[in-house]
Amino acid sequence: MTEVKLISGSLFDTVAAQAEASPRLRMNYNFHSGPADNPHRFLNVLLRDTYIRPHRHLDPPKSEAFIVLEGIAEVILFDEHGSVTARHRLGAESPEGRLWGIDIPPGVWHTVLARTARAVCFEVKPGPWVPATDKEFATWAPAEADSKAAAYREALLDG
């Protein structure tokens, strides 16, 4: 019999400790068995200062769903030129009530940023994972290693 995997506070703590040790300040914990699986299901633990460069999943087209299990994460959507078109604060109250998650269609430019010390998201997207085609990064946003990335992240959060 295949072993079930539980999603618990202790798992959050374990993955958050790995994120703290990572220069990217985030870490995934996969529930799927490998890159070829479909769909991919994983925890994505984001620490406050992590920066995910805006990107989209266009070729091949893939949707992406995020559900916040702990903390608050801001999902920011952009147009083709990098202008913010929408903001959704997951895990927080909104005019629609508490927002728990979002399903992003293929081809939509987006980023996810932690608004709390840590944000734990459950993420689902189609497999397989092929690094060369997984995502297209926005040329109008700084790369993760760019010296301007932290200021860009802060401007997005302040916006």
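Excluded from the calculations below are hydrogen atoms, water molecules and symmetry mates; all remaining heavy atoms, backbone and side chain alike, are included.
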Enquirer: So, His40 versus Glu123: side-chain donor-acceptor pair below 3.5 Å or not?
Expert: no
Enquirer: Is there a chain of hydrophobic side chains (I, L, V, M, F, W, Y, each step under 4.5 Å between heavy atoms) that links Leu11 to Met27?
Expert: yes
Enquirer: Do any N or O atoms from the side chain of Ser94 and from the backbone of Leu99 form a donor-acceptor pair under 3.5 angstrom?
Expert: no
Enquirer: Say whether, by atom type as modelled, one donor and one acceptor occur between the side chain of Lys5 and the main chain of Phe31 under 3.5 angstrom.
Expert: yes
Enquirer: Drop me the distance from Phe122's CZ to Arg41's CZ, to the nearest 0.5 angstrom.
Expert: 7.0 Å
Enquirer: In a check of side chain to side chain contact (heavy atoms under 4.5 Å, CB included) between Arg26 and each of Val15, Val45, Val112, Leu46, which one passes?
Expert: Leu46
Enquirer: Is the backbone of Phe12 close enough, under 3.5 Å, to the side chain of Tyr29 for a donor and an acceptor to pair up by distance?
Expert: no
Enquirer: Using every non-hydrogen atom in the two residues, find where Leu113 and Thr50 come nearest and quote the distance to one decimal.
Expert: CD2-O, 3.9 Å
Enquirer: For the CG atom of Leu77 and the CH2 atom of Trp109, what is their distance to the nearest 0.5 Å?
Expert: 12.5 Å
Enquirer: Between Arg115 and Leu90, is there a donor-acceptor pair closer than 3.5 Å when you use the side chain of the first and the backbone of the second?
Expert: no
Enquirer: When you group the ILVMFWY residues by side-chain heavy-atom contacts below 4.5 Å and let the links chain together, are Phe78 and Ile102 in the same group?
Expert: no
Enquirer: Please list every donor-acceptor pair under 3.5 Å in which a side-chain atom of residues 18-25 meets a protein atom from a residue at least two apart or in another chain.
Expert:
residue : atom : partner : partner atom : Å
Ser22   : OG   : Arg24   : N            : 3.1
Arg24   : NE   : Glu144  : OE1          : 3.1
Arg24   : NH2  : Glu144  : OE2          : 3.0

Enquirer: So, His57 side chain and Asp134 main chain: donor-acceptor pair closer than 3.5 Å or not?
Expert: yes
Enquirer: Donor-acceptor check, side chain of Ser83 to backbone of Asp79, threshold 3.5 angstrom: yes or no?
Expert: no
Enquirer: From the options Arg89, His110, Arg87, select the one residue that forms a side chain to side chain contact (heavy atoms under 4.5 Å, CB included) with Ile76.
Expert: Arg87
Enquirer: So which heavy atom on Ala73 is nearest to which on Cys121, and how close?
Expert: CB-SG, 4.2 Å
Enquirer: Among side-chain atoms of Glu136 and His55, is any donor-acceptor pair under 3.5 angstrom?
Expert: no
